[in-house]
There are 2 protein chains.
Amino acid sequence: MSADALSSVFRALADPTRRDMVAMLADGDATVTELARPHDLTVQAISKHLKVLEDAGVVSRSRDAQTRPAHLEAEVFDLLTVWLERHRQRLEERYRRLDEVLATLPEDPLPTETSPAAHHPDPDDGARP
Amino acid sequence: MSADALSSVFRALADPTRRDMVAMLADGDATVTELARPHDLTVQAISKHLKVLEDAGVVSRSRDAQTRPAHLEAEVFDLLTVWLERHRQRLEERYRRLDEVLATLPEDPLPTETSPAAHHPDPDDGARP
DNA sequence: GTCGTGTTCAACCATGTGGTTGACAACGTT
DNA sequence: AACGTTGTCAACCACATGGTTGAACACGAC
């Protein structure tokens, strides 16, 4: 209950069994027993896994007689995509700046003002996948 | 070394401190002490977090005198994106099939192939490389 | 060499996680 | 009402995780 939404989602998806359940649910809603069938686990364990996914907002449950089908929520994919794209962009921006620095580097050793300069460019690698 | 790559990556990113470190590293390589500065944690704790990220392949380390700068590996973003997009597509495929079934379901024994009539709200944009 | 800085290793502790078994609630069927 | 199905709750256990402190290692500077 403590962690933020993103942490909950990442943690929920960090388990292979739960990712498997998500894969199943991507093909269609399923009940606990259906989700448990292909896995060599007790129904209680699957129920717990499902609760983790539910608490993280990855799935929602409905009520249908004695079964409670689980439904995959598509929003989480958007949440993760946003996070991913943001950092991907920061990475690209970083390389862009690095290229700029390298372009203006040849001369111009201008010490200039008393800049605090908490961050410094790292002249390490230059390779980029 | 137990879990598969995807599990390791998800687990590594499930911690807000580690995600914070990743955010920092997206702006530029950094040493352990630099990464530790903004967080109210001991350097050892940050070193452990960094090891988790390293074992998951999220970052790599280099050697520069007595420091060992951490470098964010961009490939992991691709790994996560692939997983995300695969399941997003399965979800879309599922809804497409559902619409097909609903289209052929009416009691008309004469299915005119017109009016696909999207029944489901479409989540967001489509494919993006 | 000695010193200081940066980093990691080792031991330890509290809490969380994933699994089990067993009991129980809710619901449809007979 | 009794029964079988479905799902959850509770207690328990082994182990992983995130944090600490303290010692040790690696390296440049003095």
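Worth knowing before you read on, the calculation uses all heavy atoms, side chains too, and leaves out hydrogens, waters and symmetry mates.
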Item to check | Distance in angstrom units between A:K48 NZ and D:dT8 C1', rounded | outcome: 11 Å

Checklist entry - Which of these, B:R90, B:R94, B:R86, sits in a salt bridge (Lys or Arg N to Asp or Glu O under 4.0 Å) with A:D27? => result B:R90

Item to check | Pairwise side-chain contact, B:V9 with A:F10, heavy-atom cut-off 4.5 Å (strictly under) | outcome: no

Item to check | Under 4.0 angstrom between A:R11 side-chain N/O and D:dT17 OP1 or OP2 | outcome: no

Checklist entry - Near DNA chain C, which residues from residues 21-38 of chain A have a heavy atom under 4.0 Å away? => result none

Checklist entry - In B/S/- notation, 5' to 3', how is nucleotides 22-30 of chain D contacted by protein heavy atoms closer than 4.0 Å? => result B----BS--

Checklist outcome for this item: CG (A:L50) and CD (A:Q44) are apart, to the nearest 0.5 Å, by 13.5 Å

Item to check | Atom pair distance, as rounded to whole Å: CD1 in A:I46 and C1' in D:dT5 | outcome: 18 Å

Item to check | Side-chain heavy-atom pair A:V22, B:H87 within 4.5 angstrom cut-off | outcome: yes

Next on the checklist: In this structure, how many angstroms lie between the C1' atom of D:dG18 and the CG atom of B:L53, rounded?
Outcome noted: 13 Å

Item to check | For A:L53 against A:A12, the heavy-atom pair lying closest together | outcome: CD2-CB, 4.0 Å

Next on the checklist: Tell me the closest heavy-atom pair linking A:D29 and A:E34, and the distance in Å.
Outcome noted: O-OE1, 4.3 Å

Item to check | Shortest non-hydrogen separation from A:G57 to A:E73 and the atoms involved | outcome: O-CB, 3.6 Å

Next on the checklist: If the cut-off is 4.0 Å, is A:R68 near the phosphate of D:dT8, judged by side-chain N/O to OP1 or OP2?
Outcome noted: yes

Checklist entry - From A:H71 NE2 over to A:R61 CZ, what is the distance, rounded to the nearest 0.5 angstrom? => result 13.0 Å

Checklist entry - Taking for each residue the nucleotide of DNA chain C bearing the nearest heavy atom, is the 5' side occupied by B:E54 or by A:H49? => result B:E54

Next on the checklist: Strictly below 4.0 Å, N to O, side chains only: are B:D15 and A:R11 in salt-bridge contact?
Outcome noted: no

Checklist entry - Where does the chain A footprint on DNA chain C start and end, counting 5' to 3' with a 4.0 Å heavy-atom cut-off? => result C:dT17 to C:dG28

Checklist entry - Would you call B:M24 and B:H39 a side-chain contact if the rule is heavy atoms closer than 4.5 Å? => result yes

Next on the checklist: At 4.0 Å (heavy atoms only), tell me whether B:K51 reaches a base, stays on the sugar-phosphate, or touches nothing.
Outcome noted: nothing

Checklist entry - A:V32, A:V52: one ILVMFWY side-chain cluster at the under-4.5 Å cut-off? => result no

